[in-house]
Trainee: 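Attaching a single structure in structure tokens format; questions to follow.
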Amino acid sequence: MNFTKMSPNSSESSLNGESKSIDKYFIAKALSLAKKAHGLTSPNPLVGAVVVKDGTIIGAGYHKKAGLPHAEISALKKAGSNARGATLYVNLEPCSHFGKTPPCIYKIKECGIKRVVAAISDPNPLVSGKGLDYLHNNGIETVCGVLEEKAKKLNEVFLKYIASGSPFVTIKEALTLDGKIGYRNDKGKSYISSEKSLEYTHGLRFLNDGIMVSAKTVIKDDPMLDIRLNRRGIKNKLLNKRYTKIILDADLSIPLNSRIFDTYGDILIFASIEYDKEKSVKRLLLKEKGAIICDVYYNSTSIEGKRFLNLREVFKRCGELKITSIFVEAGPILFNSLIREKLFDKLVINMMPYILGYEKGLGLFESLSLRDKDMLKFKDLSVKNINDELFLSYYPEV
């Protein structure tokens with residue numbers, strides 16, 4: 001590839017310090033624009049673009065939804081004829097292949113852009129440097145690698161999905177200070193999350209293509225598994241958002257009157273491949289309710305005598321359905337399976353300011369067994385404070 005790769009210690013870079021600062025400034029603008037569509041562009045990436053001439057932004061845009069114009073096209077359209085001789089800043093390499101929309105590189109050339117600055121190259125093998133190569137070979141100066149880490153973080157879902165074909169998996173747990181996820185009372189199980197933390201959790205749901213729970217959660221708690229937010233315009237956004245409620249239900253045991261059938265979003269149920277007459281009838285009834293049923297194998301080994309669905313196969317099937325990100329609100333069994341098999345990309349812990357104690361509290365970690373060499377370490381902590389509560393986000397250390 002013939003584009004310039006930016007790096008702090010590169011002696012080959014033709015840009016002076018001032019130019020680098022300018023490039024960072026406008027790439028940051030592109031990243032901010034891209035964030036406006038967070039949760040709405042799947043399976044496409046988040047992309048923002050600005051057209052700059054004489055230090056002034058003359059056109060800006062972002063990709064709003066798969067099938068709609070790409071960020072570069074929106075920005076160039078707003079810039080109009082003034083785009084000739086300008087610089088285009090974009091947080092992801094312009095596309096060079098035909099999808100639902102034509103390649104952006106031809107429009108960039110046609111508009112007379114003289115310089116393109118990208119944060120990262122596109123890992124999609126259909127692009128992967130070809131876009132910047134084309135521009136370079138057609139006399140347009142190209143630079144790549146400006147605010148690279150921030151750009152990768154923004155599109156972590158897309159980068160994982162395009163490289164592996166599997167969704168980006170986030171586990172979320174609400175925990176007391178002594179590691180409990182709820183407590184027992186006369187009515188059964190009660191929850192510890194506050195209204196404020198629940199609102200923030202629904203915001204996290206919105207950023208993902210789907211939410212995953214076990215059948216046990218559906219049976220015991222009868223959750224809606226929807227997205228409830230009070231933000232202005234959120235209803236219109238939900239109409240444009242793909243959202244899937246994913247249930248792990250080996251025996252197809254969830255009730256037909258569960259509230260998940262009455263709320264927004266598709267319902268995808270993973271069952272075991274083993275069927276008897278009763279289960280076959282239940283399958284037909286669930287499909288009549290609108291559910292999509294996918295049959296998968298059990299794991300080859302059991303845990304404490306119990307068999308569980310093969311989660312690797314589950315995530316593979318989700319990827320084939322173009323579900324690029326999954327938000328898992330797991331009970332102890334599902335949580336332990338994901339942790340034990342290292343089948344997650346991010347861990348979000350909502351720390352609540354309570355101590356419940358051993359007998360009253362429902363524990364998350366009691367059945368989790370890891371050998372010393374398998375001890376999990378986490379990194380890249382980010383913290384969100386909501387009154388006396390914390391949301392701690394970590395990535396597993398590879």
Trainee: Are side-chain heavy atoms of C318 and L268 found at a separation under 4.5 Å?
Mentor: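 They are in side-chain contact.
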Trainee: Would one find more than 12 heavy atoms of other residues, nucleotides or ligands at under 6.0 Å from atom CD of E397?
Mentor: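 More than 12 heavy atoms, drawn from other residues, nucleotides or ligands, come within 6.0 Å of this atom.
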Trainee: Quick check: does any side chain N or O of K282 sit under 3.5 Å from a backbone N or O of L252, one acting as donor and the other as acceptor?
Mentor: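 Yes, the answer is positive, given that a donor and an acceptor are paired below the 3.5 Å cut-off.
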Trainee: Out of curiosity, E93 CD to L132 CG, how far, rounded to the nearest 0.5 Å?
Mentor: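 Rounded to the nearest 0.5 Å, the CD-CG separation comes to 4.0 Å.
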Trainee: Decide whether L248 and F168 are clustered together by the hydrophobic rule: side chain heavy atoms of Ile, Leu, Val, Met, Phe, Trp, Tyr closer than 4.5 Å, transitively.
Mentor: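 They do not share one cluster, since no chain of ILVMFWY contacts under 4.5 Å joins L248 to F168.
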Trainee: Taking the side chain as every heavy atom from C-beta outward, state whether V47 and H70 have any pair of such atoms under 4.5 Å apart.
Mentor: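 No, side chains not in contact.
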Trainee: Within this structure, what is the CG-OG distance for the pair D388 and S197, rounded to the nearest 0.5 Å?
Mentor: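 Answer rounded to 0.5 Å: 12.0 Å.
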Trainee: Donor-acceptor check, side chain of K279 to backbone of S272, threshold 3.5 angstrom: yes or no?
Mentor: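 Yes; at least one donor-acceptor contact below 3.5 Å.
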Trainee: Atom CG of D122 and atom SG of C95: how far apart are they, to the nearest 0.5 Å?
Mentor: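 Here the rounded value is 8.0 Å.
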Trainee: Strictly below 4.0 Å, N to O, side chains only: are R115 and D23 in salt-bridge contact?
Mentor: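 Yes, this pair counts.
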Trainee: Any donor-acceptor pair under 3.5 Å linking the side chain of R242 with the backbone of D209?
Mentor: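 Here the side-chain-to-backbone pair does not exist.
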Trainee: State plainly whether one hydrophobic cluster holds both I73 and Y89, where clusters connect Ile, Leu, Val, Met, Phe, Trp and Tyr through side-chain heavy atoms under 4.5 angstrom apart.
Mentor: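 They do not share one cluster, since no chain of ILVMFWY contacts under 4.5 Å joins I73 to Y89.
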Trainee: Under the 3.5 angstrom rule, does the side chain of H202 hit a backbone N or O of R228 as a donor-acceptor pair?
Mentor: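 Checking the backbone N and O of R228 against the side chain of H202, a donor-acceptor pair under 3.5 Å is found.
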Trainee: Around K150, counting heavy atoms of other residues, nucleotides and ligands shown, do more than 12 lie under 6.0 Å from its NZ?
Mentor: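 Not more than 12 within 6.0 Å, no.
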Trainee: If you draw a 6.0 Å radius around NZ in K289, do more than 12 non-hydrogen atoms from other residues or ligands fall strictly inside?
Mentor: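 It does: K289 NZ has more than 12 such atoms within range.
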Trainee: Tell me, yes or no, whether the heavy-atom count around F378 atom CZ, taken from other residues, nucleotides or ligands under 6.0 Å, exceeds 12.
Mentor: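 Counting other residues, nucleotides and ligands, CZ of F378 exceeds 12 neighbours.
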Trainee: Please say whether the positively charged group of K64, taken as NZ for Lys or CZ for Arg, lies over the ring of Y62, i.e. under 6.0 angstrom from the six-membered ring centre and within 45 degrees of the axis.
Mentor: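 Yes, K64 and Y62 form such a contact.
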Trainee: Determine whether L147 and F26 satisfy the following criterion, side chain to side chain contact (heavy atoms under 4.5 Å, CB included), listing intermediate values before the conclusion.
Mentor: CA-CA 10 Å; L147 298 185; F26 288 116; over 6 Å; no
Trainee: Given side chains that start at C-beta, do those of I292 and T244 come closer than 4.5 Å, heavy atoms only?
Mentor: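 A side-chain contact under 4.5 Å is absent here.
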Trainee: Please lay out, stage by stage, how I211 and Y243 fare under the test side chain to side chain contact (heavy atoms under 4.5 Å, CB included).
Mentor: CA-CA 8 Å; I211 181 171; Y243 184 67; 3.1 Å; yes
Trainee: Going by heavy atoms in the side chains, are F344 and V328 under 4.5 Å from each other?
Mentor: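 In short, these two side chains do not touch, never coming nearer than 4.5 Å.
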Trainee: Does the Lys NZ or Arg CZ of K241 fall within the cation-pi geometry relative to F206 - under 6.0 Å from the ring centre and within 45° of the axis?
Mentor: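 So K241 does make the cation-pi contact.
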Trainee: Would E329 and R205 count as a side chain to side chain contact (heavy atoms under 4.5 Å, CB included) if you check the C-alpha gap in whole Å, the side-chain angles of each, and the deciding distance to 0.1 Å?
Mentor: CA-CA 10 Å; E329 297 187 10; R205 286 184 183 181; 2.9 Å; yes
Trainee: Side chain of K245, backbone of Y264: donor and acceptor closer than 3.5 Å?
Mentor: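 Confirmed, K245 side chain pairs with Y264 backbone.
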Trainee: Would you find more than 12 non-hydrogen atoms of other residues, nucleotides or ligands less than 6.0 Å from D262 atom CG?
Mentor: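 For D262, atom CG is crowded (more than 12 foreign heavy atoms under 6.0 Å).
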Trainee: Using modelled atom types only, decide if a donor and an acceptor are shared between the side chain of K160 and the backbone of P167 within a distance under 3.5 Å.
Mentor: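 Yes, the answer is positive, given that a donor and an acceptor are paired below the 3.5 Å cut-off.
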Trainee: Treat each ILVMFWY residue as a node, draw an edge where side-chain heavy atoms are under 4.5 Å apart, and state whether L284 and F270 are in one component.
Mentor: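 Per the 4.5 Å side-chain linkage, L284 and F270 are not co-clustered.
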Trainee: Is a salt bridge present between K107 and E110, judged by a nitrogen-to-oxygen distance below 4.0 Å?
Mentor: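 Salt bridge: yes.
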Trainee: Is any side-chain N of the basic residue among E320 and K316 closer than 4.0 Å to the acidic one's carboxylate O?
Mentor: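 Result for this pair is yes, salt bridge flagged.
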Trainee: Using a cut-off of 6.0 Å, state whether more than 12 heavy atoms not belonging to N138 lie near its atom CG.
Mentor: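 Counting neighbours around CG of N138, more than 12 heavy atoms of other residues, nucleotides or ligands fall under 6.0 Å, so yes.
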Trainee: Between N387 and E389 (side chain of the first, backbone of the second, donor and acceptor by atom type, cut-off under 3.5 Å), is there such a pair?
Mentor: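 Not confirmed, N387 side chain does not pair with E389 backbone.
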Trainee: Within the side chain of T263, is there an N or O that forms a donor-acceptor pair under 3.5 Å with the backbone of M224?
Mentor: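 Present.
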Trainee: Say whether, by atom type as modelled, one donor and one acceptor occur between the side chain of K65 and the main chain of L40 under 3.5 angstrom.
Mentor: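 No; zero donor-acceptor contacts below 3.5 Å.
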Trainee: Would you kindly say whether T176 and D178 are connected by a side-chain donor-acceptor distance under 3.5 Å?
Mentor: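 T176 vs D178: donor-acceptor pair found between side chains.
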Trainee: Verify, without hydrogens or angle tests, whether D221 (side chain) and P223 (backbone) share a donor-acceptor contact under 3.5 angstrom.
Mentor: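 A pair under 3.5 Å: no.
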Trainee: Ion pair present between E148 and K152, side-chain N to carboxylate O less than 4.0 angstrom?
Mentor: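 Yes, this pair counts.
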Trainee: Less than 4.0 Å between a side-chain N and a carboxylate O, is that true for R283 and D295?
Mentor: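 Looking at D295 and R283, the cut-off is met.
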Trainee: Supply the atom-to-atom distance L381 CG to Y394 OH, rounded to the nearest 0.5 angstrom.
Mentor: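 OH of Y394 is found 4.5 Å from CG of L381.
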Trainee: Looking at side-chain heavy atoms only, is the closest gap between V296 and N310 below 4.5 Å?
Mentor: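 Sidechains of N310 and V296: no contact.
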Trainee: Are M212 and Y297 grouped together when hydrophobic residues (ILVMFWY) are joined by side-chain heavy atoms under 4.5 angstrom apart?
Mentor: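 As far as the 4.5 Å side-chain criterion goes, Y297 and M212 are not connected within one cluster.
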Trainee: Let me check something: do L46 and V157 share a hydrophobic cluster, defined by ILVMFWY side-chain heavy atoms less than 4.5 Å apart, either directly or through other members?
Mentor: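 No, separate clusters.
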Trainee: Would you tell me whether E156 and Y395 have side-chain atoms, one donor and one acceptor, within less than 3.5 Å of each other?
Mentor: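 There is such a pair between these side chains.
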